[in-house]
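Accompanying notes for the structure given below.
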Amino acid sequence: MQAPNATERLLPTPEGLARAAALLAAGELVAFPTETVYGLGGDARNGRAVAGIFAAKGRPAFNPLIVHVPDLDAARALAQVGPAAERLAAAFWPGPLTLVLPVRPEAGLSPLVTAGLPTVGVRVPAHPVAQAMLRAFCGPVAAPSANLSGRVSPTRAAHVMDGLSGRIGAVLDGGACPVGVESTIVGLSGDPTLLRPGGVPVEALEDCLGAPLAAAGPGIVAPGQLASHYAPGAAVRLNVTAPRPGELWIGFGPETLAAELSLSPTGDLVEAAANLFHILRAADAQAAGRVIAVAPVPMRGLGLAINDRLARAAAPRP
Ligand code: TXA
Ligand code: MG
């Protein structure tokens with residue numbers, strides 16, 4: 001697990017940006033300014049880095065994260081950008097707008113970024129420091145707001161340090177964030193839908209599209225909270241220390257090495273989080289009618305979010 005003792009404060013000089021990019025490439029976390037709020041960035045292709053984001057924030061659940069890229073071409077490499085998305089991107093990118101688009105599986109994003117959904121939230125921030133960092137890193141950066149879970153979003157480097165000092169690799173100090181509220185989120189996997197109001201006014205989006213945005217139901221706004229938004233096709237049984245005959249057992253830790261699959265053979269919660277969605281899918285693919293039995297995962301650190309997700313996977317289906 002990445003656990004630096006001291007969080008570096010970097011300035012947006014060529015040296016500071018190169019250091020931020022090097023830390024990201026090493027799988028460490030770097031908080032950086034956007035025009036909305038500071039984001040807590042990690043390499044979106046590195047499952048351990050993404051798991052580290054949830055650990056650093058103390059998030060109790062794996063909500064999908066927004067992926068930050070420098071321009072529309074980079075967005076096209078991650079997701080399918082349809083005609084409505086092209087229009088919105090032309091009008092509002094770079095800027096405080098996030099588009100939720102069908103993900104390209106070949107983009108190599110960690111399934112933890114999308115929380116196992118077939119869509120990904122993509123944003124091209126306008127802040128010059130965010131732009132410079134993304135270009136220096138040359139890869140997609142997953143980033144929620146850089147605050148402890150349940151706390152107010154940070155709009156200054158000092159706010160980031162208040163909550164996350166000692167828990168992340170570095171903060172790139174770009175001064176105060178000019179917008180101060182999070183990006184507007186529009187879902188574009190079906191009819192354009194307002195998922196979260198934010199920095200771009202809804203009226204401006206509707207003018208651009210020439211049509212009203214659909215309103216999302218409460219369950220869609222926070223897909224991570226939907227009871228079984230990613231449920232395997234197979235039935236799932238939890239806290240299984242002794243699988244029944246014919247069950248597909250997913251282990252956790254050294255006591256479960258006999259299991260067919262494992263979230264983490266060593267019992268490492270960061271590794272387990274990084275593997276979670278991938279292992280659930282693999283189990284589903286090889287279950288062939290068997291019940292999936294999952295070993296107990298301790299309720300500490302990322303274990304809370306892992307258990308939250310497992311409970312949703314095991315919840316009765318509608
Ligand atoms: O301004 C912002 O958007 C900031 C900066 C750092 O970019 N980021 C931010 O991230 O506010 P966060 O994690 O606090 O909020 C992300 C929101 C969540 O409500 C999540 O449910 C939604 O984006 N989201 C992300 N991916 C999604 C997806 N595939 N489908 C639906 N909603 C998604
Ligand atoms: Mg937030």
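Not measured: the values here are computed from a predicted model. Indexing begins at 1, ligand by ligand and atom by atom, following the structure's order. Side chains are part of it too, since the values below use all heavy atoms of this structure and drop only hydrogens, waters and symmetry mates.
Using a 4.0 Å cut-off to heavy atoms of R123, the atoms of ligand 1 that qualify are 1 (O), 2 (C), 5 (C), 7 (O). In the vicinity of H68, heavy-atom distances shorter than 4.0 Å reach the ligand 1 atoms 5 (C), 6 (C), 7 (O). Under a 4.0 Å criterion applied to the non-hydrogen atoms of I185, ligand 1 contributes the atoms 17 (C), 22 (C), 23 (O). Counting the atoms of ligand 1 from 1 in the order shown, those under 4.0 Å from a heavy atom of T119 are 28 (C), 29 (N), 30 (N). Heavy-atom proximity to G39, at under 4.0 Å, picks out these atoms of ligand 1: 6 (C).
Between Q80 and V103, the closest side-chain pair of non-hydrogen atoms is not below 4.5 Å. Residues T184 and L205 form a side-chain contact, since some pair of their non-hydrogen atoms from C-beta on lies under 4.5 Å apart.
In terms of polar-atom proximity, R196 is counted as a contact of ligand 1, with an N or O under 3.5 Å from an N or O of the ligand. Note: no N/O pair closer than 3.5 Å links T34 and ligand 1 by distance alone. The shortest N or O to N or O distance between N63 and ligand 1 is not below 3.5 Å. The shortest N or O to N or O distance between T98 and ligand 1 is not below 3.5 Å.
At a cut-off of 3.5 Å, with distance as the only test, no side-chain donor of D268 or T266 sits close to an acceptor on the other residue.
A salt bridge links E86 with R76: at least one charged nitrogen is closer than 4.0 Å to a carboxylate oxygen. Of the charged side-chain nitrogens involved, at least one lies within less than 4.0 Å of a carboxylate oxygen, so that E260 and R290 count as a salt-bridged pair. A salt bridge is absent between E28 and R167: the closest approach of a Lys/Arg side-chain nitrogen to an acidic carboxylate oxygen does not fall below 4.0 angstrom.
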Trace of the salt bridge (Lys or Arg N to Asp or Glu O under 4.0 Å) decision for R156 with D162: CA-CA 10 Å; R156 288 180 172 59; D162 285 347; over 6 Å; no

Salt bridge (Lys or Arg N to Asp or Glu O under 4.0 Å) evaluation trace for E106 with R45: CA-CA 11 Å; E106 70 274 19; R45 300 158 302 190; over 6 Å; no

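Residue K57 does not touch ligand 1, judged by heavy-atom distances below 4.0 Å.
Here the shortest heavy-atom distance to atom 33 (C) of ligand 1, taken over G121, P64, C177, belongs to P64.
For T114, the heavy-atom gap to ligand 1 stays at 4.0 angstrom or more. Ligand 1 has no atom lying under 4.0 Å from any heavy atom of H127. The closest approach between S145 and ligand 1 falls below 4.0 Å for a heavy atom of the residue.
L248 pairs with exactly one of L261, V291, V236 by the side-chain contact (heavy atoms from CB on, under 4.5 Å) rule, that one being L261.
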